[in-house]
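Remember, it's a predicted structure, so these values are computed and weren't measured experimentally. Residue numbers start from 1 in every chain, and the chains themselves are labelled A, B, ... in the order their sequence lines are given, proteins ahead of strands. Computed from heavy atoms alone, side chains included, the values below leave out hydrogens, waters and symmetry copies.
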Amino acid sequence: MSTASDQPYPAVDKPDFPAIETRILARWDEAGTFQRSIDERPEENEYVFYDGPPFANGLPHHGHLLTGYVKDAVPRYQTMRGKKVDRRFGWDCHGLPAEMETEKQLGVSGRVAITEYGIDNFNEACRTSVMKYTSEWEKTVTRQARWVDFENDYKTMDIDYMESVIWAFKQLWDKGLIYEANRVMPYSWGAETPLSNFEIRLDDATRPRQDPAVTVAFELTPNEGDPGVMKMLAWTTTPWTLPSNLGLIVGPDLDYSVMELNGEYLILGSATVANYEKELEGAVEHSVVKGVDLLERTYTPLLPYFADRDDLNAFRVLSGDFVETEEGTGIVHTAPGFGEDDQRIGEENGVGMVVPVNDQGRFTDEVTDFAGQNVLEANSDIIKHVKALGQLIKHETYEHNYPHCWRTDTPIIYRALPSWYVKVTDFRERLVELNQEINWIPDNVQNGRFGKWLEGARDWSISRNRFWGSPIPVWRSDNPEYPRIDVYGSLDELEADFGVRPDNLHRPYIDELVRPNPDDPTGQSMMRRVPEVFDCWFESGSMPFAQVHYPFENKDWFEEHYPADFIVEYINQTRGWFYTLHVLAGALFDKPSFQNVICHGILLAEDGQKLSKKLRNYTEPTEIFDKQGSDALRWYFMNSNIVRGGDARISDRGIDEVTRQVMLPVWNAYSFFTLYANIDGYRAQLRTDSTDELDRYILAKLRSVIEATTEAMDSYDLAGATAQITTFLDALNNWFIRRSRDRFWGPEMTEDKQNAFDTLYTVLINFLKLSAPFLPMITEEIYTSLTGEESVHLAAWPEADDFPADPELVENMDRVRTVVSAALRLREDQGLRVRLPLQTLTVAGSDSGALDPLSHLIADEVNVKNVAFSEDLGAFAEFALQPNGKVLGPRLGGDVQKVFGAAKQGAWSQNDDGSIEIAGYTLTPEEFTLNVKPAEGVTAAALPSNDAVVVLDIDVTPELEAEGLARDIVRAVQEARKTEDLVVTDRIALTLDLTEAGAAAVHAMEAYVCEQTLATSIGYGTVDNGHDAAGVGTLSFTVANS
RNA sequence: CGAAACGUAGCUCAGUCUGGGUAGAGCACCGCUCUGAUACAGCGGGGGUCGAUGGUUCAAGUCCAUCCGUUUCGACCA
């Protein structure tokens, strides 16, 4: 016996996976293993991975975890392949969410309040609050065993990063790809900010609201031939936009009725006349005209605040394809400053734009009657005013779904704001071309979701009217009489013109850079920065170069390492980060930004709903980490088709299943090995030269699993890789180890035992390497315990060529497994338990003799004395005809059904040349297959390969019966040993109290019983309170260690 | 409203592109078996009108059409 001190491996306990993980994380931290995994790889063999920055001011959730696991698994694999993979964490610091959070904290809300509070104070508050959750992120990311560099992170609010961002803007400006335009956006006057479409779609943001719906009359400028005063009736639910009315829109193909009423002629859509029964009481239809006939007529402004603005080219009847007659009058009043369609129609017809509404949603002084009033509150006054003018036809209340600001709960309005654009439409085709150079996983995204998005790309609005962001680096003359625009792309350029070098590019400091306009001879006008800041998506799209402060630093490195090898995010980033990276890459460098990209799917809760904090329909990540561990969760995700772009539900049961199906089997293979290696005090060697067929089998299997896993990983198919590993794990545990068990039991260290140890060890070590990217902590624990090395993640990925190929052996072994399955099924059918030995099993089929070298495995598994092989299949089996429809269909047409029918009936015969006569046709060998089925009266079963049968001799002789009984008793002893908590090496003195048959059976096989049960002696006598002995008596024993 | 993806066993999903004959796997359930690894595993069973309807075809889970349902997207969500 060995003692603990000479045990070569640490004893293996029942695993507590979360505890093991925590220990491994601490060890990595102390040893700096992550840094070593980078430092020890050659500089010239770099693999570039971009870590997309999350919003810094939110907590990590399951979606981030999922992406994080992929972000970790691929770099770990590449590191093992010898690549140097830097992994810098990034923080997306700017943007509206950050400002919102700060407003909430400070209790300061809205543009005015922020300005009063001080932009400097506000932005400083943003700066501190935005990093509030970084420690939470670091904790979670570390706990999930993601290796990321937090020390050397990048932040979009760093001055270096921001300088690269303005550099990019300047580049685009110089290429003529930047322009400024008014753009109608959803606008919250409560928050004094434009909102995204995304925000107005938030839960509950859009809900029913009652608004006035008014029909008002616009008097047309008289034309020759008019029957009299003509008025066009327009319907609107936003009376407050009437002061800004600049046009009326008709559908060119629609019919419009001219209704005579009290000497006036009212025009409205013919289909809508019925809606105005009351208002048109007594009216007579004078005529019907087409919309196209009304085009370009002019009218008197209803509310004449802009009546003398000839430059607006306004107050005309215009054409719009969206005009409908289901509601309203078929005539749409348009105010280009306050609606997206309105803006488009205005632009198409050369109509200008007025926006007499300020940031607080109040009318400006231009609207003299209502100046200072909130536009929605002004609605009723405007209606009264129109009524007084005699132009109000109808006033109703209208309930519709209306968007609200999700933060202030005020109704939003649509309003034009100046905005800076990237002219994506100018280089859209090139973006489509460059997309073809990217390897997308799944591949349908390339020309599907992403490709289609690119084809329909619109110009990209990149500015926001906010405070906390990189500044749009445009300085403009404050006197339009002396126009001048300067754009700056670096601190140097700013310093050259303004005489100071900014040490902070944020507002308000950047706004303090002001200088006289060089183009103004009077010296009065000044160059001032425009107020906008960048949309944070422009900043995250700049990440590849901005994180290294390109081109101000790292110029050569960036140019040699762009595009990136790999990125991963969830599928909806086709509109987000994937897109902004691609646009900026195309515009700035005429290259794609990344070569390989995984778009994983969307994570849903177990109930199929989206993950929702409100519904609490998922288990918190921390709870999963504590109970099941991160590796189980990681494998669960990596083995799911969510990493192939599909959606997936997260289920606690699914994660438990990973523990049972993957983690525990891995652990038990390890535990098995160390248990017996420690008993023998044997330290195993890495060797692949064993000649034992089981060893050669598992080594050859290992070779093919290395090939398959490597191939899957190289094509970024993580689910495929994990599936390969699972299949191998089954062969390792449930065939190799199970079949090899007795090789580890002998008391002596034989050559065979040594082979078994070394092979199992070699296979385990390499298996752990293959699994390391997917189970980084559990494999680390096992690998380091077995090898004493520092880390599996510092090891090299296995090479398939280092392991012997033996396809023939693998094939035969797999065939043995099917023979065994078939034989066990026969036993079951016959009710013959496996412990009862049978005399003979015959494998009948051509070339069945190839299994002869492995026959002892069959004999042992099936418990038969002899395994025979026969080439004479016909002696044991009949054949069933399976016509090949794919070939016969085209030849026979409808008659193919007759052939199938006849085959089913068995109405066919085989000719000497092997062809088949059936239903009047002759089938050539490629037109059918013959399936084996056991002959009548033979206990036999066909193999799935359909070319052989397994025949079992079911004659049970008294000798066999006795031997079976002896084995039953051995089994009972083993069971009792387990119950009494004996160590597997404990020797016993056994006492049996059996029936005559039982005693006879044991007598006949005493040596066998002793060997199997580690009994040093067997006594026969009375046993009180013993264990059941296979139903033929009782047994007891005492430990008799020598 | 528009677009896309999906819909196959109680659950998670293969198979559908390229049509071929009793529709598969894993899990769960039931029974049996094995166990000198306290893990498991092996064998068997029940469980499916392949979302619905119609069409094309000798033949449809697979191709076409329509419909229904779920999810996502419709320019600030991993």
Quiz item: Under the criteria of a ring-centre distance below 5.5 Å and an interplanar angle below 30°, is A/F672 stacked with the base of B/A37?
Solution: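 No; by the centre-distance and plane-angle rule, A/F672 does not count as stacking on B/A37.
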
Counterpart residues, ring-ring contact (aromatic ring centres under 6.0 Å, His included), relative to [X] (two or more places apart):
X	value
A/F736	none
A/F578	A/W440
A/W908	none
A/W468	A/H94, A/H506

Self-check item: Between B/G36 (C1') and A/F1037 (CZ): distance, integer Å
Solution: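 In whole Å, B/G36 C1' lies 13 Å from A/F1037 CZ.
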
Quiz prompt | Results of side-chain contact (heavy atoms from CB on, under 4.5 Å) for A/R835 - residues two or more places apart only | solution =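 Listed in chain order: A/R833, A/R967, A/D968, A/R971.
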
Quiz prompt | Distance below 4.0 Å between A/W745 side-chain N/O and B/A37 OP1 or OP2 | solution =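 Yes.
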
Qualifying residues under salt bridge (Lys or Arg N to Asp or Glu O under 4.0 Å), relative to [X], sequence neighbours excluded:
X	value
A/K978	none
A/R817	A/D730
A/E861	A/R738, A/R739

Quiz prompt | Pairs touching residues 819-831 of chain A that satisfy side-chain hydrogen bond (donor to acceptor under 3.5 Å, both in side chains), sequence neighbours left out | solution =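 Every candidate side-chain hydrogen bond (donor to acceptor under 3.5 Å, both in side chains) pair involving residues 819-831 of chain A fails, so no pair, neighbours aside, qualifies.
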
List every contact pair, protein side and nucleotides 40-42 of chain B side both N or O, where the distance is under 3.5 Å.
none

Quiz item: Can you give one letter per nucleotide of nucleotides 5-24 of chain B, going 5' to 3': B for a protein heavy atom under 4.0 Å from the base, S for sugar-phosphate only, - for none?
Solution: -------SSS-----BB---

Quiz item: So what is the 5' to 3' dot-bracket string for RNA chain B, if pairs are Watson-Crick or G-U wobble with both distances under 3.5 Å, crossing pairs use [ ] and | means the partner sits on another strand?
Solution: ((((((((.[[[[.)....(...]]]].(((((.......))))).....[[[[[..)....]]]]])))))))....

Exercise. Can you figure out which of B/A78, B/C76, B/G36 approaches the side chain of A/Y676 most closely?
Key: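 Ranking B/A78, B/C76, B/G36 by closest atom to the A/Y676 side chain puts B/G36 first.
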
